[in-house]
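Report on the following structure.
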Amino acid sequence: MGSEAMVPEWASEPCIMGIDEAGRGPVLGPMVGEDEFGYMLADILKENNVNNQGMRFDPGARTALAFVTLRSDGEREFMFYRNLSADMLLQEDELDLDLIRKAKIFHYGSISLITEPCKSAHIAAAKAAKDAGVFLSYDPNLWLPLWPSADSAREGILSIWETADIIKISEEEISFLTNGENPYDDAVVRKLFHPNLKLLLVTEGSEGCRYYTKEFSGRVKGMKVDAVDTTGAGDAFVAGILSQLATDLSLLHKEEQLRDSLKFANACGALTVTERGAIPALPTKETVLNALLEPVL
């Protein structure tokens with residue numbers, strides 16, 4: 001397909017992931033329609049060795065969709081079809097709280113905060129995880145066109161800010177959340193560091209990422225690649241760092257080991273943009289480790 005091809009991708013939120021010590025785990029709570037798209041997504045997860053038992057199928061609503069238009073440089077434009085789609089209708093009593101409590105890490109975004117009853121389900125799921133001692137990971141993943149207004153988006157994203165143990169944000173999201181302040185100023189970034197936060201990560205695309213903890217901060221360079229499709233790069237980065245933390249949460253207090261883990265996460269994101277599609281492009285652990293061993297030219 002050419003650079004202007006329209007490719008359907010999963011827009012359903014909350015795509016909540018409970019991650020075990022092996023770095024994989026069940027998808028918890030995404031509501032999809034009882035339609036071909038919903039069953040296709042369930043099958044894709046199963047084919048990729050992800051436990052999909054937490055998914056729910058709504059017979060009365062369609063699966064949410066996003067159509068991605070790719071430019072020649074691999075960057076994207078999105079068009080969403082999400083008018084009372086199944087993901088917006090997820091209710092608290094449809095959550096599998098036992099699965100949530102068994103997770104090592106509980107990862108979520110912010111789109112599920114836009115409407116009820118999904119908002120209440122999201123908050124209940126996060127509370128169950130927190131109460132069970134599960135490590136909470138938050139990627140706001142700002143999509144302004146889905147929110148009623150910029151102010152409601154800012155308020156919604158920040159409404160659950162202080163419950164997370166780790167937060168991943170982009171430079172653009174820093175500017176948005178701080179009403180236009182400089183995202184490259186460490187003092188500005190530190191304003192977003194709440195008292196209970198363990199790790200704040202700022203992704204900078206091909207440039208890599210910045211990291212902030214209570215004890216230290218720094219930058220880890222990215223891996224240079226030729227971008228074909230940037231869809232899923234941020235998700236791949238998050239998957240990379242969470243898979244490392246699921247194995248050893250003490251990395252949060254060991255800067256050199258954390259930097260190594262972030263190099264791994266940067267490579268996950270970089271390798272993902274070298275192929276088309278969010279899920280098909282995700283690299284295996286072996287592929288990432290091999291790429292990290294290659295000499296820099």
Please tabulate, for the side chains in residues 148-157, all donor-acceptor contacts under 3.5 angstrom to protein atoms that are two or more places apart in sequence or on a different chain.
from   : atom 1 : to     : atom 2 : distance (Å)
Ser149 : OG     : Ser152 : N      : 3.1
Ser149 : OG     : Ser152 : OG     : 3.2
Asp151 : OD1    : Arg154 : NH1    : 3.2
Ser152 : OG     : Ser149 : N      : 3.0
Ser152 : OG     : Ser149 : O      : 2.8
Arg154 : NE     : Phe176 : O      : 2.8
Arg154 : NH2    : Phe176 : O      : 3.3

Sub-3.5 Å donor-acceptor pair from the side chain of [X] to the main-chain atoms of [Y], do we have one?
X      : Y      : value
Ser217 : Thr213 : no
Thr287 : Pro283 : no
Lys214 : Pro195 : yes
Glu173 : Ser170 : yes
Asn266 : Lys221 : yes

Are Leu282 and Met223 connected, step by step, through hydrophobic side chains (Ile, Leu, Val, Met, Phe, Trp, Tyr) whose heavy atoms are closer than 4.5 Å?
no
If you compare all heavy atoms of [X] against all heavy atoms of [Y], which two are closest, and at what distance to 0.1 Å?
X      : Y      : answer
Ser85  : Thr63  : CB-C, 4.4 Å
Ala125 : Phe106 : CB-CZ, 3.7 Å
Gly109 : Tyr138 : O-CE1, 3.6 Å
Leu271 : Ala291 : CD1-CB, 3.9 Å
Ala246 : Lys104 : O-NZ, 2.8 Å

Working to the nearest 0.5 Å, report the span between [atom1] of [X] and [atom2] of [Y].
X      : Y      : atom1 : atom2 : value
Thr274 : Asp229 : OG1   : CG    : 10.0 Å
Lys102 : Leu97  : NZ    : CG    : 11.5 Å
Ser120 : Leu113 : OG    : CG    : 10.0 Å
Leu252 : Glu215 : CG    : CD    : 9.0 Å
Leu158 : Leu192 : CG    : CG    : 7.5 Å
Ile123 : Ser159 : CD1   : OG    : 6.0 Å

With the side chain counted from C-beta on, respond yes when [X] and [Y] share a heavy-atom pair under 4.5 Å apart, and no when they do not.
X      : Y      : result
Val202 : Tyr211 : no
Ile160 : His122 : yes
Met55  : Val32  : yes
Leu258 : Leu199 : yes
Leu146 : Ile111 : yes
Gln91  : Pro117 : yes
Leu65  : Phe37  : yes
Trp143 : Ser110 : no

Residues in side-chain hydrogen bond (donor to acceptor under 3.5 Å, both in side chains) with [X], at least two apart?
X      : answer
Glu34  : none
Lys263 : none
Glu162 : none
Lys224 : Glu207

Donor + acceptor pair across side chains of Tyr212, Asp186 (<3.5 Å):
yes
Polar contact flag, side-chain donor to acceptor under 3.5 angstrom, Lys254-Ser250
yes
Looking at [X], I'd like to know if its [atom1] atom is crowded, meaning that more than 12 non-hydrogen atoms belonging to other residues, nucleotides or ligands lie closer than 6.0 Å.
X      : atom1 : answer
Glu286 : CD    : no
Lys198 : NZ    : yes
Arg210 : CZ    : yes
Tyr184 : OH    : no

Do Lys168 and Asp139 sit within salt-bridge range, that is, some charged N less than 4.0 Å from a carboxylate O?
yes
Among residues at least two apart in sequence or on other chains, which ones pass salt bridge (Lys or Arg N to Asp or Glu O under 4.0 Å) with [X]?
X      : value
Glu171 : none
Arg259 : none
Arg219 : Glu204
Asp226 : none

Reference residue Leu201; test side-chain contact (heavy atoms from CB on, under 4.5 Å); the match among Ile166, Ile169, Ile167
Ile166
Please identify which of these residues, Ile174, Val188, Val189, meets the side-chain contact (heavy atoms from CB on, under 4.5 Å) condition with Glu181.
Val188
For side chain to side chain contact (heavy atoms under 4.5 Å, CB included), just list the numbers for Gln244 and Leu251, CA-CA rounded to whole Å, side-chain angles, deciding distance to a tenth of an Å, and then say yes or no.
CA-CA 8 Å; Gln244 300 292 293; Leu251 293 173; 4.2 Å; yes
Go through the steps to decide whether Leu142 and Leu177 satisfy the test side chain to side chain contact (heavy atoms under 4.5 Å, CB included), and finish with yes or no.
CA-CA 10 Å; Leu142 174 65; Leu177 294 174; over 6 Å; no
Can you name the ring pair (Phe, Tyr, Trp, His ring centres under 6.0 Å) partners of Tyr39, sequence neighbours left out?
Phe57
Who are the ring pair (Phe, Tyr, Trp, His ring centres under 6.0 Å) partners of Phe237, not counting sequence neighbours?
none
Output a table of donor-acceptor pairs, distance under 3.5 Å, between side-chain atoms of residues 129-137 and any protein atom two or more places apart or on a different chain; print 'none' if there are none.
from   : atom 1 : to     : atom 2 : distance (Å)
Lys130 : NZ     : Thr163 : O      : 2.9
Asp131 : OD2    : Lys127 : NZ     : 2.7
Ser137 : OG     : His107 : ND1    : 2.8

